[in-house]
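Have a look at the structure below, then the notes.
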Amino acid sequence: MNTPHPYYEILIAAARKVGPVKVAVAHACDRHALEAALDAASMGLILPILVGPQARIRQAADEAKLDISALPLVDTEHSHASAFRAVELIREGQAAVLMKGSLHTDELMSAVVAGDTGLRTGRRLSHCFVMDVPGRSEPLIITDAAVNINPTLDDKADIIQNAIDLAHVLKFDPVKVAILAAVETVSAKMPSTIDAAALCKMADRGQITGGILDGPLAMDNAIDPEAAEIKHLVSPVAGRANILVAPDLEAGNMLAKSLTFMAGAAAAGIVLGARVPIILTSRADSVAARLASCAVAVLVAHNKLAGNRILGG
């Protein structure tokens, strides 16, 4: 694969080494969803199960000249039924990963969080971007940019724990978490700085484990050692963070998309905190990002199957 994102090549190679897992693709009814599934299958990453109205799936495949003859199809009436049937396949043990097809994220997630029929655990669901940023020697996790709009302090604790657990699956060593704000000092006028300080104390008390936390930190002194030095920040995280925790979804989304569209980064997205990893693909994703998203999900799924620490479990 010819890609300017070398870390993704490492991710994909690691996922291919552990072997493919079955993936329920919810409402695979357009070219983008089918291409994402077929590309990942051809790389030996996943074994897709296409869930949705069979006639629409076949029509989309025919129009895009894609061969889906080798893939199992699970027929449903509409997108709502596709979401719930894909979740049901997970609960029945027929798949180990859930993947978004051509339906709205809200519709898929409503099936995931549904009472007795969903995939919830005791952990808050959250989204992580695993970003390969040109010029950086290591990948960067940004959270949460897609699920939690205005997270509470307790939500942020789960968001951070999900990201830390993912970082361990991806072999980050050490895991360095920067809790972002506009400034690096605590101010009563900026609630995000108070949350950051509280989260660091929660880590001190063992309520968040597995990583080194610092915050509040502004973006510059979270990732740039010189900026941290200028501000006289003495910390193993400041200037060296590999997880960035945004104060809210809007900030996280703008940060991730700025890196993608202005700095040439690629963003592999995954939702954690459910019984299984959830791949949220986008039509704007590059092939490399889609494959890397599948690779991350495969590594997380194998981590669960191996009986290691379960993300969100």
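This one's a predicted model, so the numbers in the text were calculated from it and none came from an experiment.
At a threshold of 4.0 Å, the pair Arg124-Asp144 does not count as salt-bridged, since none of the basic side-chain nitrogens sits closer than that to a carboxylate oxygen.
In plain terms, the two heavy atoms of Leu166 and Cys128 that are nearest each other are CD2-CB, 3.8 Å. Taking each heavy atom of Ala146 and His127 in turn, the nearest pair found is CB-CG, 3.5 Å. Smallest separation of non-hydrogen atoms from Pro53 and Ser82: CD-OG, 4.0 Å. A pairwise comparison of heavy atoms in Ala197 and Pro216 identifies N-CD, 4.4 Å as the closest pair. Between Glu107 and Ala83, the closest heavy-atom pair is O-CB, 3.8 Å. When all heavy atoms of Gln94 and Lys22 are compared, the closest pair comes out as O-CD, 3.3 Å.
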Quiz item: Checking side chain to side chain contact (heavy atoms under 4.5 Å, CB included) for the pair Ile46/Ile279: CA distance, chi angles, key distance, verdict?
Solution: CA-CA 12 Å; Ile46 69 172; Ile279 304 167; 5.5 Å; no
Self-check item: From CA spacing to verdict: side chain to side chain contact (heavy atoms under 4.5 Å, CB included), Asp158, Ser126
Solution: CA-CA 8 Å; Asp158 279 354; Ser126 63; over 6 Å; no
Quiz item: Does the pair Leu71 and Leu38 meet the rule for a side chain to side chain contact (heavy atoms under 4.5 Å, CB included), with working shown?
Solution: CA-CA 9 Å; Leu71 302 184; Leu38 287 169; 3.6 Å; yes
Quiz item: When you look at Met219 and Leu244, which way does the side chain to side chain contact (heavy atoms under 4.5 Å, CB included) test go after all the steps?
Solution: CA-CA 9 Å; Met219 180 66 182; Leu244 301 179; 3.6 Å; yes
Practice problem: Could you please spell out the steps behind the side-chain hydrogen bond (donor to acceptor under 3.5 Å, both in side chains) verdict for Asp155 and Thr152? | Solution: CA-CA 5 Å; Asp155 293 341; Thr152 66; 3.2 Å; yes
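When atom types are taken as modelled, the side chain of Lys100 and the backbone of Ile278 share no donor-acceptor pair closer than 3.5 angstrom. A distance-only check finds a donor-acceptor pair linking the side chain of Asn253 to the backbone of Ala145 [under 3.5 Å]. The backbone N or O of Ile149 sits nowhere less than 3.5 Å from a side-chain atom of Glu250 that would complete a donor-acceptor pair. Panel note: side chain Asn148, backbone Leu125; a donor-acceptor pair is recorded below 3.5 Å. Within the 3.5 Å criterion, the main-chain N or O of Met43 finds a donor-acceptor partner in the side chain of Arg16. Ser42 contributes a side-chain N or O that, together with a main-chain N or O of Asp39, makes up a donor-acceptor pair within less than 3.5 Å. Of the possible donor and acceptor atoms, one in the side chain of Ser102 sits under 3.5 Å from a partner among the backbone N and O of Cys29.
With hydrophobic clusters built from ILVMFWY side chains whose heavy atoms lie under 4.5 angstrom apart, Leu272 shares a cluster with Leu213. Met202 and Ile160 fall within a single hydrophobic cluster, where Ile, Leu, Val, Met, Phe, Trp and Tyr are joined by side-chain heavy atoms under 4.5 Å apart, directly or via other members. Under the 4.5 Å side-chain heavy-atom criterion for Ile, Leu, Val, Met, Phe, Trp and Tyr, Ile270 and Val287 are members of the same hydrophobic cluster. At a threshold of 4.5 Å between side-chain heavy atoms, the hydrophobic network of Ile, Leu, Val, Met, Phe, Trp and Tyr places Leu140 and Val130 in two separate groups. Under the 4.5 Å side-chain heavy-atom criterion for ILVMFWY residues, no single connected hydrophobic cluster contains both Phe129 and Tyr8.
Of the residues listed (Ile212, Ile164, Thr143), the one engaging Val177 in a side chain to side chain contact (heavy atoms under 4.5 Å, CB included) is Ile164, and it is the only one. Checked options Val112, Thr117, Val51; the residue passing with Val87 is Val112 (criterion: side chain to side chain contact (heavy atoms under 4.5 Å, CB included)).
Residues satisfying the side chain to side chain contact (heavy atoms under 4.5 Å, CB included) test with Ala15, not counting sequence neighbours, are Leu45, Ala295, Val298, Leu299.
Inter-residue side-chain proximity for Ile57 and Leu34 is flagged as met; some heavy-atom pair is nearer than 4.5 Å. Using a 4.5 Å cut-off on side-chain heavy atoms (C-beta onward), Leu50 and Val25 make contact. A heavy-atom distance below 4.5 Å is not found between the side chains of Met99 and Ser293. Counting heavy atoms from C-beta on, the side chains of Leu11 and Asp132 never come closer than 4.5 Å. When side chains are defined from C-beta on, Asn242 does not count as touching Ile141, because their heavy atoms never get closer than 4.5 Å. Contact annotation: the side chain of Asp220 never approaches that of Ile230 to less than 4.5 Å [non-hydrogen atoms, C-beta and beyond]. Val147 has its side chain out of reach of Ile159: every pair of non-hydrogen atoms, C-beta onward, lies at least 4.5 Å apart. Put simply, the side chain of Leu170 reaches to within 4.5 Å of the side chain of Tyr7, judged on heavy atoms.
Cluster note: Leu47 groups with no other residue, as no ILVMFWY side-chain heavy atom lies under 4.5 Å from it.
Residue Glu229 places its CD atom among 12 or fewer non-hydrogen atoms of other residues, nucleotides or ligands, all under 6.0 Å distant.
Note that NE2 of His104 and OG of Ser110 are 11.5 Å apart. Values are rounded to the nearest 0.5 Å. Going from atom CG of Leu259 over to atom CZ of Arg136 covers 9.5 Å, rounded to the nearest 0.5 Å. Atom-to-atom distance recorded for Arg123:CZ and Gln161:CD is 5.0 Å, nearest 0.5 angstrom. Between the CD1 atom in Ile208 and the NZ atom in Lys201 there is a gap of 12.5 Å [rounded to 0.5 Å]. Leu103 CG to Met109 CE: the interatomic distance, rounded to the nearest 0.5 Å, is 11.0 Å. The line from CD1 of Ile142 to CG of Leu255 is 4.0 Å long, rounded to the nearest 0.5 Å.
Using cut-offs of 30° and 60° on the angle between ring planes, the pair His80 and Phe84 is tilted.
Each salt bridge (charged side-chain N to carboxylate O under 4.0 Å, His left out) pair with one or both residues in residues 76-90, not counting sequence neighbours, appears once here: Arg85-Glu88, Arg85-Glu92.
For the residue pair Thr193 / Ser187, no side-chain donor-acceptor distance below 3.5 Å is found, with atom types taken as modelled.
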